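Sequence positions, counted from 1, serve as the residue numbers for this chain. Bear in mind that the values here come from a model prediction, so they are computed numbers and not experimental data. Just so you know, these numbers use all the heavy atoms, side chains as well, and skip hydrogens, waters and symmetry mates.
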Amino acid sequence: MLPTVTSDPKEIWTRIAPWWDNVLGEGNEFQLQLIMPATDRLLAVRPGDRILDLACGNGNYSRRLARAGANVLAVDVAEPFIQAARRRTTQTDGQIEYRTVDLTDDTTLNQLGSSEEFDAAVCSMALMDLPTLDPLLNRLITLLKPGGRFVFSIPHPCFNSPRVRMTAELINQDGKPEQLYGLTVFSYLDEQADLSFGMLNQPEPHYLYHRPLSLLIRTFAKHGFLLDALEEPSFPTPSGGGGKNAFSWKMRPNIPPALVTRMLKPQ
């Protein structure tokens, strides 16, 4: 069981959404180099696809989908995110509708559409922000067409959580000094809720809900989804021999900070 959460996650995101919109814009380095390319590959958008973008934030990936020819319904719990998404969207971006929807509330989830309306759904780096997945998955399995795909990304549960510490060491390797960058994992199997910062200098922490992979896959399977594909994107090996932040993911090219997964609704 998750620990008791003392603040309303929806209220937190409503307060920090304007800051996130200002910092992220049309995508930061993490999104543009890791999350979006892997999501593109697994989602495999086709012109005319009807796609549901869940927890869309300021809509930067929604616009990417629409420019690829998709018809997008984009939703988020934080009204400031939806307002920012509408401001940032132009007629040349394509077909996008934005709505304010709580992905943990059965009543508002029922407003997403009719059964088997969507070819695909996507949730970029946001499932870990939801205290429960059951209401969303229970509704999503009915919204997708048979064979419909759901692609989501999260911080990699094995390597990127508040219970992981980055390490930097200087060792002697064959008579030469060598810097080693790694991780220490203090806890993994326990389901956890932690106050966390998604980006440096975030004005207020938000809740992050850690779920081990076994629990995550069991939860999807319970609602009828099949695991079809996954990617573990990481930054390329840094060039130039150093100079970067020792606690940057770029210094750990063999450790993926994110997990991107495709689930399918059976035919």
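Considering every non-hydrogen atom in both Ser124 and Ser153, the closest pair reads CA-OG, 3.3 Å. Between Arg41 and Arg262 the shortest heavy-atom distance is O-NH1, 4.3 Å. Arg149 and Leu43 get closest at one heavy-atom pair: NE-O, 2.6 Å. Across Leu183 and Thr167, no two heavy atoms sit closer than the pair N-OG1, 3.5 Å. Shortest non-hydrogen contact noted between Asn58 and Leu24 is ND2-CB, 4.5 Å.
Asp105 contributes no side-chain N or O that, together with a main-chain N or O of Asp102, makes up a donor-acceptor pair within less than 3.5 Å. Using modelled atom types, one side-chain atom of Lys265 and one backbone atom of Leu144 make a donor-acceptor pair closer than 3.5 Å. Checked by atom type and distance alone, the side chain of Asn160 never pairs as donor or acceptor with a backbone atom of Pro155 at under 3.5 Å. Listed for the Asp53 side chain is no donor-acceptor partner under 3.5 Å among the backbone atoms of Cys56.
In this structure, the separation between CZ on Phe225 and CD1 on Ile141 is 3.5 Å, given to the nearest 0.5 Å. Ser248 OG to Met166 CE: the interatomic distance, rounded to the nearest 0.5 Å, is 7.0 Å. Rounded to the nearest 0.5 angstrom, Cys123 SG and Phe150 CZ are separated by 5.0 Å. Note that the CG atom of Leu32 and the CD atom of Glu26 stand 9.0 Å from one another [nearest 0.5 Å]. Rounded to the nearest 0.5 angstrom, Glu191 CD and Ser187 OG are separated by 11.5 Å. Summarising the geometry, atom CG belonging to Asp21 is positioned 7.0 Å from atom CZ belonging to Phe81; distances are rounded to the nearest 0.5 Å.
Atom NZ of Lys10 has 12 or fewer heavy atoms from other residues, nucleotides or ligands within 6.0 Å.
Checked by atom type, the side-chain pair Thr89/Tyr98 shows a donor-acceptor distance below 3.5 Å. With hydrogens and angles left out, the side-chain atoms of Asp194 and His210 include no donor and acceptor closer than 3.5 Å. In summary, the side chains of Gln202 and Trp20 do present a donor paired with an acceptor at a separation below 3.5 Å, with no hydrogens or angles considered. Between the side chains of Ser234 and Arg252, no donor N or O sits under 3.5 Å from an acceptor N or O.
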Kindly determine whether Lys145 and Glu117 satisfy salt bridge (Lys or Arg N to Asp or Glu O under 4.0 Å), including the steps that lead there. CA-CA 6 Å; Lys145 298 176 182 179; Glu117 177 180 341; over 6 Å; no

Any chance you could lay out the side-chain contact (heavy atoms from CB on, under 4.5 Å) test for Leu180 and Leu170, step after step, and finish with the verdict? CA-CA 6 Å; Leu180 293 180; Leu170 182 65; over 6 Å; no

Checking side-chain contact (heavy atoms from CB on, under 4.5 Å) for the pair Arg50/Leu73: CA distance, chi angles, key distance, verdict? CA-CA 8 Å; Arg50 175 73 167 147; Leu73 172 59; 3.9 Å; yes

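Comment: Asp40 engages Arg64 in a salt bridge, judged by a side-chain N to carboxylate O separation of less than 4.0 angstrom. Here Asp76 does not pair with Arg99 in a salt bridge; the nearest charged N to carboxylate O distance is not below 4.0 Å.
Taken together through direct or relayed side-chain contacts under 4.5 Å among Ile, Leu, Val, Met, Phe, Trp and Tyr, Leu34 and Ile154 form part of one hydrophobic cluster. Hydrophobic cluster membership differs between Tyr209 and Phe197, with clusters built from Ile, Leu, Val, Met, Phe, Trp and Tyr side chains linked at under 4.5 angstrom. There is a path of hydrophobic side-chain contacts, each under 4.5 Å, that joins Ile96 to Leu65. At a threshold of 4.5 Å between side-chain heavy atoms, the hydrophobic network of Ile, Leu, Val, Met, Phe, Trp and Tyr places Met125 and Leu230 in one connected group. No path of Ile, Leu, Val, Met, Phe, Trp and Tyr side chains, each step under 4.5 Å between heavy atoms, connects Leu215 with Met263, placing them in separate hydrophobic clusters.
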